Amino acid sequence: MTTAVPHPKRLFIRTWGCQMNVYDSARMADVLAPLGYAPAEAPEGADMVILNTCHIREKASEKLFSELGRLRAAKQEKAALGERMVLAVAGCVAQAEGAEITARAPWVDIVLGPQTYHRLPEMVARASRAAGAVIETDFPVEAKFDHLPDAAAPQGVTAFLTVQEGCDKFCSFCVVPYTRGAEFSRPVAAVLAEARRLVAGGAREITLLGQNVNAYHGDAPDGPTWGLGRLLRALAEIPGLARLRYTTSHPRDMDDDLIAAHADLPSLMPYLHLPVQSGSDRVLAAMNRGHTVEDFLGIVDRLRTARPDLALSSDFIVGHPGESAADFDATMRLIERVGFASAFSFKYSPRPGTPAAGAPLQVAEAEKDARLAALQALLRDQQAAFNASRAGMTIPVLITGAGRHPGQVAGRSPWLQPVHADGPLDLVGQVVPVEVLAGHPNSLAGKLVPGAQATRHHQPEEEPAPA
Ligand code: SAH
Ligand code: SF4
Ligand code: F3S
């Protein structure tokens, strides 16, 4: 809902971290829209700047403090004109280091944790009156979703939908259980209603989000809670919704019904991000992951049986405390055995307050560098090989917008690869057959199959039902 306001104010949001932060940034913009805040392209001159931060690795929080240094100058320039820039720090660094932020950067007006975004309007009002910073880092997670506005700004052809937040797994290295709090699932009805709204706003592909999205267990209309498989089956019924994805999953929560959903639902895309972190049982135990290499390989087999064209992506950490050269080799062997279409890999970064940070046998920095380089070279080769293997295939591509060059459209393959082809912009929002001409390291080049029928999806005619 956009209400006309006499003096539009300009809002700039910078987002770091995971897709849940991307989703949260969009919701913060939604909450502030009725107050007259419209998106700005740059922080300079904006009336409000929100930095939505990530705490997952050391560098992530360092980026915040260098950005805050730059914004101090922008804020002073605005003050020289007799105007005010409200500066807010949101996200996981805000949650973990609220007090440190206001001590190191006293020009910050608002510090707000991920569960308090629905209270932003009130905080902005308080910040305009108060001299010091307003700090809100409580954990009332249900309240956040209950109070965020229904009428979100349309996200476009591909959209994110948060269904689950928080984590109870406490992996040795990870800050998420501390910054996002305990696991929580949104009720089924609320998820379905938001999905229908997104589709009515033009979304053709929805990615369900959660720190542990497959631990989803939302209250259902018919009594018992639903798992993610059941939720996906219900979402697949929504007319006009061509594609479904979900991320990020934990191997421990990959249950039979969810695996079966990959066999049963053509709209559930054949691509899964399933972080394994290490290929050594010793390290997996030290990480408190709660699964073995064998467990992971078993899940991969069952998924590939359910959906033979399924491609996998994963996360890896090298140099967790205690990781020996032999442990690292085991990770390389696991990668060779599974074959990944893409992956994220990181050097272990000690996070204050997590069990691994204080553990003995920290791995030397140079060793971590060497292991990461070897691992990334292997993963890069696998990604290039996977992309190259698509050449010659005709694949369904969801057209998402204009390509880089005039006359070109851009889209997404079922395996989340960016695809470019010559074609008209009125194809945006359609799934069209594309013949892949070349698989490059990071994208596919293709051509529309002439005369072929696009998969058209009609919009639902009536207003979506209320939750
Ligand atoms: N919930 C997801 C991952 C969330 S964090 C899961 O359970 O897998 C995203 C990724 O960041 C993790 O998978 C891990 O590979 C990486 N990561 C988290 N903490 C890290 C740390 N302290 N050092 C390096 N990488 C880390
Ligand atoms: Fe972090 Fe582990 Fe939870 Fe993933 S499962 S968010 S890595 S604690
Ligand atoms: Fe970062 Fe928080 Fe996401 S630490 S990865 S923004 S949950």
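When a ligand or atom number is given, it counts from 1 through the structure's own listing order. The model shown is predicted, which means the values in this text are computed figures rather than measured ones.
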Just which atoms of ligand 1 are under 4.0 Å from any heavy atom in [X]?
X      : result
Pro275 : 8 (O)
Gln211 : 1 (N), 2 (C)
Tyr348 : 23 (N), 24 (C)
Arg57  : 11 (O), 16 (C), 17 (N), 23 (N), 24 (C), 25 (N), 26 (C)
Lys347 : 23 (N), 24 (C)
Thr248 : 2 (C)

For [X], take its heavy atoms, then give the atoms of ligand 3 lying under 4.0 Å from any of them.
X      : answer
Asn21  : 6 (S)
Cys92  : 2 (Fe), 4 (S), 6 (S), 7 (S)
Gln211 : 7 (S)
Cys54  : 1 (Fe), 4 (S), 5 (S), 6 (S)

Check ion pair [X]-[Y] (N to O, under 4.0 angstrom):
X      : Y      : value
Glu122 : Arg126 : yes
Glu336 : Arg333 : no
Arg304 : Asp309 : no
Arg351 : Glu58  : no
Arg307 : Asp264 : no
Arg196 : Glu237 : no
Glu62  : Lys59  : no
Arg10  : Asp47  : no
Glu323 : Arg371 : yes
Lys75  : Asp109 : yes

When you measure from [atom] to every protein heavy atom, which one gives the shortest distance, and what is it?
atom                    : value
atom 19 (N) of ligand 1 : Phe173 CD1, 3.3 Å
atom 5 (S) of ligand 1  : Ile56 CD1, 3.5 Å
atom 3 (Fe) of ligand 3 : Cys18 SG, 2.3 Å
atom 10 (C) of ligand 1 : Asp315 OD2, 3.3 Å
atom 7 (O) of ligand 1  : Arg289 NH1, 3.4 Å
atom 14 (C) of ligand 1 : Gln277 OE1, 3.5 Å

Please check if the distance between the ring centroids of Phe173 and Phe346 is under 6.0 Å.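 Not under 6.0 Å, so no.
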Part of [X] with heavy atoms under 4.0 Å of ligand 1, whether side chain, backbone, both or neither:
X      : result
Arg351 : side chain
Phe346 : side chain
Met20  : neither

Run Lys78 and Glu44 through salt bridge (Lys or Arg N to Asp or Glu O under 4.0 Å) and show every step you take. CA-CA 8 Å; Lys78 187 129 172 112; Glu44 289 76 23; over 6 Å; no
Does the N or O separation between Ser349 and ligand 1 drop below 3.5 Å for any pair?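 Indeed, backbone or side chain, Ser349 has an N or O that close.
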Is there a polar contact, in the sense of an N or O pair closer than 3.5 Å, between Phe316 and ligand 1?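 So ligand 1 has no N or O lying under 3.5 Å from an N or O of Phe316.
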For side-chain hydrogen bond (donor to acceptor under 3.5 Å, both in side chains), just list the numbers for Asn442 and Gln383, CA-CA rounded to whole Å, side-chain angles, deciding distance to a tenth of an Å, and then say yes or no. CA-CA 8 Å; Asn442 298 307; Gln383 177 171 331; 3.3 Å; yes
Residue portion contacting ligand 3 (non-hydrogen atoms closer than 4.0 Å) for Arg180: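 Just the side chain.
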Evaluate side-chain hydrogen bond (donor to acceptor under 3.5 Å, both in side chains) for Thr15 paired with Asn21, printing each intermediate quantity in order. CA-CA 7 Å; Thr15 310; Asn21 263 12; over 6 Å; no
Do side-chain atoms of Ser443 reach the backbone of His440 as a donor and acceptor pair under 3.5 angstrom? no
Does atom CZ of Phe344 have more than 12 heavy-atom neighbours, drawn from other residues, nucleotides or ligands, at distances under 6.0 Å? no
Pull up every protein N/O/S atom sitting under 2.8 Å from atom 2 (Fe) of ligand 2, skipping waters.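 Protein N/O/S atoms under 2.8 Å of atom 2 (Fe) of ligand 2: Cys171 SG.
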Compute the minimum heavy-atom distance from His55 to ligand 3 and say whether it is under 4.0 Å. yes
Set out, in order, the CA-CA distance, both residues' side-chain angles and the distance that settles side-chain hydrogen bond (donor to acceptor under 3.5 Å, both in side chains) for Thr225 and His217, then state yes or no. CA-CA 5 Å; Thr225 60; His217 55 280; over 6 Å; no
If the contact criterion is a heavy-atom separation under 4.0 Å, does Lys169 count as touching ligand 1?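 The answer is no: ligand 1 sits nowhere under 4.0 Å from a heavy atom of Lys169.
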Does any non-hydrogen side-chain atom of Phe316 lie less than 4.5 Å from one of Leu375?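 Side chain of Leu375 against side chain of Phe316, heavy atoms only: contact under 4.5 Å found.
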